[in-house]
Amino acid sequence: MERLPRAFFARPTLAVARDLLGQRLVRVLDGARISGRIVEAEAYVGEGDRACHARSGRTVRNAAMYGPPGHAYVYLIYGMHYCLNLVTEEEGFPAAVLIRALQPLEGRALMQAHRAGRPEREWANGPGKLCRALAIDRTFDKADLCAPDARLFVEADAAIPDGAVATGPRVGVTGDDAAVSAPWRFTVR
DNA sequence: GGATCGATCGGCT
DNA sequence: GCCGATCGATCCG
């Protein structure tokens with residue numbers, strides 16, 4: 001399968017988030033592939049987006065979002081979970097897609113081991129869970145998904161027809177202004 | 001320098 | 001359904 005090129009990420013974030021559905025997120029760990037189909041993603045777009053980590057400008061933590069597209073932005077949340085984002089749009093404009101859920105494909109034994117005895121449907125059905133399942137941590141922050149030797153990247157897989165895509169407000173985002181409650185969450189039905 | 005709290009998860013009631 | 005874990009970036013004084 002073909003790896004998604006940087007040009008795929010260098011587009012409007014909403015389009016990237018929607019088009020990531022059905023694609024395959026691949027983690028190479030000690031030569032083995034662990035992968036899953038992306039089935040849920042959310043867009044975070046620019047300093048004007050009240051829910052975006054870049055809402056207060058550039059900081060050490062969110063620097064990756066200001067970098068070139070096709071890189072990872074990984075951060076620690078609640079002191080114990082990592083969340084994986086894929087940086088979009090042109091360099092200098094802070095935007096990214098949060099990967100919220102995967103359907104397990106390859107490397108299932110490794111995923112299961114990383115998820116300690118939990119049932120398969122709970123291996124990667126949340127942003128913190130999928131990072132554990134794929135062994136993604138802070139060291140992947142700013143990693144280039146388009147580098148030839150990348151250990152984390154996205155491969156073109158199944159295209160999801162519009163009829164199978166659902167949208168809604170982003171999870172865990174509070175506030176009543178229209179921009180914050182915009183339907184920037186994309187899921188596969 | 002210190003208090004606050006988050007794009008979450010899992011265990012317990 | 002609710003709540004505690006756990007920590008570092010951010011913000012305020």
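A note on names: the letters A, B, ... follow the listed sequences, proteins ahead of strands, and every chain is numbered from 1.
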Exercise. Would the number of heavy atoms belonging to other residues, nucleotides or ligands and lying under 6.0 Å from CZ of Arg189(A) be above 12?
Worked result: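 Counting neighbours around CZ of Arg189(A), more than 12 heavy atoms of other residues, nucleotides or ligands fall under 6.0 Å, so yes.
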Say we look at [N] and [M]: how far apart would their [atom1] atoms be, to the nearest angstrom?
N	M	atom1	result
dG13(C)	dC5(B)	P	14 Å
dA5(C)	dT13(B)	P	14 Å
dC12(B)	dT6(C)	P	14 Å
dA7(B)	dC11(C)	P	13 Å

For this session: With sequence neighbours excluded, tell me which residues meet ring-ring contact (aromatic ring centres under 6.0 Å, His included) with Phe153(A).
Result: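 Not a single residue meets the ring-ring contact (aromatic ring centres under 6.0 Å, His included) criterion with Phe153(A).
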Exercise. Looking at Lys129(A) and Glu122(A), does any basic side-chain N land under 4.0 Å from a carboxylate oxygen?
Worked result: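 Looking at Lys129(A) and Glu122(A), the cut-off is not met.
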For this session: Measure from the side-chain N and O atoms of Arg170(A) to the backbone N and O of Ala43(A), and report whether any donor-acceptor pair falls under 3.5 Å.
Result: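 Yes; at least one donor-acceptor contact below 3.5 Å.
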Does [X] reach a base, just sugar-phosphate, or nothing at all? Heavy atoms under 4.0 Å.
X	answer
Arg61(A)	sugar-phosphate
Arg50(A)	nothing
Ile77(A)	sugar-phosphate

Exercise. Do you know which two heavy atoms are closest between Arg11(A) and Thr88(A), and how far apart they sit?
Worked result: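 Where Arg11(A) meets Thr88(A) most closely, the heavy atoms are O-CB, 4.1 Å.
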Exercise. Would a 4.5 Å heavy-atom cut-off, applied to side chains only, mark Val97(A) and Tyr44(A) as touching?
Worked result: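 A side-chain contact is absent here, since even the closest heavy-atom pair is not under 4.5 Å.
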Problem set entry | Note, Phe9(A) side chain near Leu86(A) side chain (heavy atom, < 4.5 Å) |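 They are in side-chain contact.
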Problem set entry | Earlier contact from the 5' end, DNA chain C, for Gly57(A) and Gly79(A) |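 In this pair, the answer is Gly79(A).
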Problem set entry | Earlier contact from the 5' end, DNA chain C, for Arg138(A) and His81(A) |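 Its nearest nucleotide lies further toward 5', so the answer is His81(A).
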Exercise. Quick one: Arg132(A) CZ to dT6(C) C1', roughly how many Å, whole number?
Worked result: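 Those two atoms, CZ and C1', are 14 Å apart.
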Problem set entry | Nearest-Å distance for atom pair OH/P, residues Tyr78(A) and dA9(C) |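 Distance, rounded to whole Å: 17 Å.
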For this session: Could you please spell out the steps behind the side chain to side chain contact (heavy atoms under 4.5 Å, CB included) verdict for Tyr82(A) and Leu84(A)?
Result: CA-CA 7 Å; Tyr82(A) 293 103; Leu84(A) 169 68; over 6 Å; no
For this session: Identify all stems in which DNA chain B takes part, counting only runs of at least 3 consecutive pairs (Watson-Crick or G-U wobble, each distance under 3.5 Å), and give each as one range with another, ordered by first number.
Result: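 The stems are B:1-6 with C:7-12, B:8-12 with C:1-5.
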Exercise. Has Arg18(A) got its NZ or CZ under 6.0 Å from the middle of the six-membered ring of Phe186(A), at an angle within 45 degrees of the ring axis?
Worked result: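 Judged by the rule, Arg18(A) and Phe186(A) form no cation-pi pair.
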Problem set entry | First-last contacting nucleotides on DNA chain B - partner chain A, under 4.0 angstrom, heavy atom |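 Under 4.0 Å from chain A, the extent on DNA chain B is dG6(B) to dG11(B).
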